[in-house]
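Please read the structure below before turning to the comments.
From a predicted model like this one, the values you see are computed outputs, not experimental measurements.
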Amino acid sequence: MEESAQNLEHGKIELVERVAPPPPRNLVLTVEEVVEEYVGSFGWSQLIHVFLVSLAWVFDSQNTLVTIFSDAQPTAWRCINNSSSSLCMSSSSKGDVSSVCGLMPGTWEWVGGHQSSTIAEWGLICDRKFLAAIPASLFFIGSLLGSAFFGYLADASLGRKRTVLLSCISSSVTGFLTSLSPNIWIYALLRFANGFSRSGIAICCIVLATEVVGRKWRGPVSQYGFFLFTAGFFSLPLIAYPTRNNWRVLYKIISLLPLAYSALFFPFISESPRWLLVRGRSKEALDVLKKFARLNGRTLPENLCLANPSAPNESGENEASTKTCTKESLWRTKWAAKRMITVMVAGFGVGFVYYGVQLNVENLNFNLYFSVGLNALMEIPAIVFGTILLGLTTRRLLFSLSAFLAGISCLLCIIFAHGKRAKTGDKSSAGSWVQLAIEGIGFMAASIAFDVLYIYCVELFPTNVRNFALSQSRQSLMLGASIAPLLVAAGRLSPSLSFIIFGVLSIFSGAISLWLPETKNAPLYETLKQQEEEEKHKVVDRSNINQA
C-alpha cells in the first residue's frame with residue numbers, strides 16, 4: 001500500500017515536471033544588440049534625447065567665437081570737437097586706424113565709443129596691438145587643458161551627463177566674470193578660464209548622443225550637434241549688433257543662456273547606458289534602455305540581461321573585473337596609443353585651419369557682421385554635404401579628401417592675396433569677392449573635416465576610454481586653434497605666409513589620416529581589451545577569406 005502511494009506521488013511529480021515549463025533562461029545581449037533589436041536604431045526617444053543634448057553646442061559656439069566681436073578692431077575714429085590739434089585734423093583725413101599712433105591722448109575718440117570692444121577700451125593698437133591676440137590664444141589653451149580634465153571626469157567618475165552640466169554652469173560663471181574684467185590681463189585670464197570650462201560640452205555631447213543610437217545613425221547624429229554649433233555661430237551677429245557699443249553686455253547675455261538650459265532642459269537628459277554598464281551599474285543601464293524603448297512604443301524582454309564586457313562570474317557582476325576595465329590606460333596600450341597620436345596630429349592641422357579662417361574674417365574687405373553671418377551660413381552646406389557623404393563613403397576617405405581640399409583652397413588664396421596687395425589701397429570688389437569665394441570653399445572643406453574627425457574618433461576607441469580619447473583629439477584641435485590668432489595677426493603683414501601654413505598643415509593632416517583604420521558600420525566596443533581581440537579576429541577572418 002505504501003509502495004503504491006509512493007509510486008502515485010512520484011508519477012504526479014513527473015507529470016508536473018512534464019507540464020510545467022522550465023524557468024526561462026536569461027537573454028544576455030550587449031547594449032548595441034539591445035538598441036538595434038529591441039529599442040530601435042533611432043526612434044522618437046533618441047531624437048528628443050539627441051536634440052536636448054545637442055542644444056549645449058549653441059553655448060560652446062558662442063563662447064568660442066564671441067571674440068570676433070568683443071575683440072574686434074574699431075573701424076573709425078574722429079577728432080574731439082574741442083581739439084585744435086592740426087595733426088589730429090590732418091590724420092583724420094587719412095581714415096586709417098594706425099594714423100592715431102602719433103596723436104596726443106584726449107584729442108581723438110572712437111566713433112563707436114570706447115567700450116565698443118576691448119581694443120577700443122584698453123588701447124590695444126600701435127605698439128600694443130599684439131596684446132589683442134593673447135586672450136583668444138589663452139582661450140584655446142584653456143580649452144586644450146580642459147579637454148583632458150573633462151574627458152577624464154566623464155570616463156572615470158562623473159559620467160557624460162553630469163560633466164556636461166558642470167561644464168555649462170562653469171562656462172556661465174566664467175563668462176559673466178569676463179564681462180567685469182578691469183584690464184586686458186584679467187580679461188585674458190578669464191578667457192583662459194572660460195575656455196577651460198566650456199571644453200567639456202562638445203566632447204561629452206557628441207559621445208552622449210552617439211552612444212544611444214544604432215550604428216548606421218552615428219554619422220548623422222554626430223552632425224546634429226554641428227547644426228546647433230552653427231546656430232550658435234549665426235546667433236552671435238544678432239546678439240552682437242544691438243550690443244555693439246558695449247562688449248560687456250554681449251558677454252553678460254551669452255553667459256545667462258547656459259544657466260537657463262541647465263535648469264529647463266537638462267533634467268530630461270539620460271545618462272549613457274554604455275558608460276553605466278562599464279561602471280558596473282547594469283540595472284541603471286537597463287532602466288535607461290527601457291525608458292528609450294517605452295517612448296519608442298516598444299518593450300524589452302523580461303528576461304533580458306546586459307552582457308558585461310568585464311566577463312561577470314556566476315554570482316553576478318565581477319567587481320574586480322569592472323574596476324580593471326575602467327582603469328585600462330589608452331596610453332599604455334600600444335595599438336591605441338599609436339592610433340591616438342595619429343588622430344591628434346591630423347586634428348592639429350584641421351583645428352588650425354578651421355578656427356584660423358573664422359578668426360581671420362575681420363581682415364576681409366567686408367562688413368564684419370555680414371562676413372561672420374556669411375561664414376556661419378557656409379557651415380550649413382558643410383554639415384549637409386558631410387551628413388550625405390558620411391552615408392555614401394568611408395570616414396577615412398571623407399576626412400582626408402576634405403583636408404586636402406581645404407589645404408589646396410588656402411594655397412590658391414595666395415594668388416589673390418598678392419593681387420589684393422599689388423596696389424596700395426586697391427580694394428577692388430572683384431578681387432575681394434574671388435578671394436572670399438575660395439576662402440569659403442576652403443572653410444567648408446575644413447568644417448567637414450573638423451566634423452568628421454569627431455565621429456571618427458568616437459568609433460576608433462571603446463567606451464571606457466572614449467571620452468578621454470575624444471578629449472585628446474580635441475586637445476590637438478585646440479592647440480592648433482591657440483596658435484591661429486597669432487598667425488592671423490602676422491597675416492596682416494604677410495597674407496601669403498598665413499595661407500601657406502594653413503594649406504600645408506591641412507594637406508599633411510589629410511595624408512597622415514590614411515594610416516587610420518576604417519570604422520564605418522563597425523560596432524562600438526566597450527573596453528580596450530575587447531576591441532583589440534575583436535579587431536584581431538576580423539583581420540584573421542579577412543586574411544582567411546582572401547586565401548580561400
Side-chain angles (χ1 to χ4, degrees), residues 55-72 112-122 124 131-132 134-147 149-150 153 158 161-205 228-229 231-267 359 372 478 481-482 485:
L55 272 177
W57 282 83
V58 172
F59 323 124
D60 184 53
S61 174
Q62 290 174 341
N63 281 284
T64 302
L65 302 171
V66 64
T67 51
I68 294 175
F69 297 103
S70 65
D71 299 1
H114 76 283
Q115 286 194 329
S116 60
S117 74
T118 58
I119 291 179
E121 181 165 347
W122 296 318
L124 306 180
L131 290 178
I134 292 178
S137 290
L138 284 181
F139 175 86
F140 288 116
I141 292 174
S143 298
L144 186 153
L145 299 177
S147 294
F149 174 75
F150 285 107
L153 279 184
L158 287 184
K161 178 181 175 179
R162 285 184 291 178
T163 302
V164 174
L165 179 62
L166 175 62
S167 191
C168 283
I169 294 175
S170 57
S171 64
S172 178
V173 172
T174 53
F176 185 81
L177 291 176
T178 302
S179 70
L180 307 178
S181 303
N183 55 56
I184 181 62
W185 303 111
I186 300 298
Y187 175 75
L189 181 63
L190 287 170
R191 285 300 291 164
F192 171 86
N194 188 244
F196 186 96
S197 300
R198 52 72 71 166
S199 56
I201 294 176
I203 57 176
C204 293
C205 284
L228 273 300
F229 185 91
F233 189 10
F234 193 72
S235 70
L236 268 178
L238 304 179
I239 301 173
Y241 187 76
T243 62
R244 60 190 179 278
N245 293 328
N246 195 327
W247 64 269
R248 297 178 186 273
V249 175
L250 173 61
Y251 271 102
K252 288 174 182 176
I253 291 174
I254 66 172
S255 71
L256 294 177
L257 299 178
L259 278 182
Y261 166 79
S262 301
L264 298 176
F265 298 105
F266 210 78
L359 296 174
V372 173
M478 292 303 104
S482 66

Please check: side-chain N/O of Ser61 versus main-chain N/O of Trp57, any donor-acceptor pairing under 3.5 Å?
no
Atom OG of Ser70 and atom CG of Leu250: how far apart are they, to the nearest 0.5 Å?
6.5 Å
Exactly one candidate in Asp71, Thr67, Thr118 meets side chain to side chain contact (heavy atoms under 4.5 Å, CB included) with Trp247; the answer is Thr118
For the residue pair Phe229 and Ile201, establish whether any side-chain heavy-atom pair is separated by less than 4.5 Å.
no
Decide yes or no on side-chain contact (heavy atoms from CB on, under 4.5 Å) for Leu166 and Leu158, but give the supporting numbers first.
CA-CA 9 Å; Leu166 175 62; Leu158 287 184; 4.0 Å; yes
How far does CD1 of Ile68 sit from CG of Leu65, to the nearest 0.5 angstrom?
4.5 Å
Less than 4.5 Å apart, any side-chain heavy atom of Ile184 and any of Pro135?
yes
Counting only N and O atoms by type, is there a donor-acceptor contact under 3.5 Å from the side chain of Ser172 to the main-chain atoms of Cys168?
no
State, with a plain yes or no, whether a side-chain heavy atom of Val164 is found less than 4.5 Å away from one of Phe266.
yes
Taking the six-membered ring of Tyr251 (Phe, Tyr or Trp), confirm whether the NZ or CZ of Arg248 is under 6.0 Å from its centre and within 45° of its axis.
no
Between Phe139 and Thr64, does the side-chain contact (heavy atoms from CB on, under 4.5 Å) criterion hold? Intermediate values first, please.
CA-CA 8 Å; Phe139 175 86; Thr64 302; 3.9 Å; yes
What pair of heavy atoms forms the shortest contact from Cys205 to Ala56, and how long is it?
SG-CB, 3.7 Å
Between Ser199 and Ser143, the two heavy atoms sitting closest are CB-O, 3.5 Å
Between the CG atom in Leu153 and the OG1 atom in Thr163, the distance rounded to the nearest 0.5 Å is 5.5 Å
Once you round to the nearest 0.5 Å, how far does OG of Ser197 lie from CZ of Phe59?
15.0 Å
Thr243 and Phe69, any side-chain heavy atoms less than 4.5 Å apart:
no
Non-hydrogen atoms of Ser167 and Gly200 that approach each other most closely
OG-N, 3.3 Å
Roughly how far, to the nearest 0.5 Å, is the OG atom of Ser235 from the CG atom of Leu257?
8.0 Å
Which heavy atom in Arg191 sits nearest to a heavy atom in Asn63, and how many Å separate them?
NH2-O, 2.9 Å
For the residue pair Val58 and Leu228, what are the closest heavy atoms and their distance?
CG2-O, 3.4 Å
Are the side chains of Ile134 and Trp185 in touch, meaning some heavy atoms are under 4.5 Å apart?
yes
Distance, nearest 0.5 Å, that separates OG of Ser181 from CD of Glu121:
9.0 Å
Please find the pair of heavy atoms, one from Gly175 and one from Ser255, that lie closest to each other, and give the distance.
C-CB, 3.9 Å
Assign the ring pair Phe149 / Phe196 to parallel, tilted or perpendicular, where the plane angle (0 to 90°) is split at 30° and 60°.
tilted
Any side-chain heavy-atom pair from Ser116 and Arg244 closer than 4.5 angstrom?
no
Are the side chains of Asn194 and Leu177 in touch, meaning some heavy atoms are under 4.5 Å apart?
no
Is there side-chain contact between Thr178 and Lys252, with at least one heavy-atom pair below 4.5 Å?
no
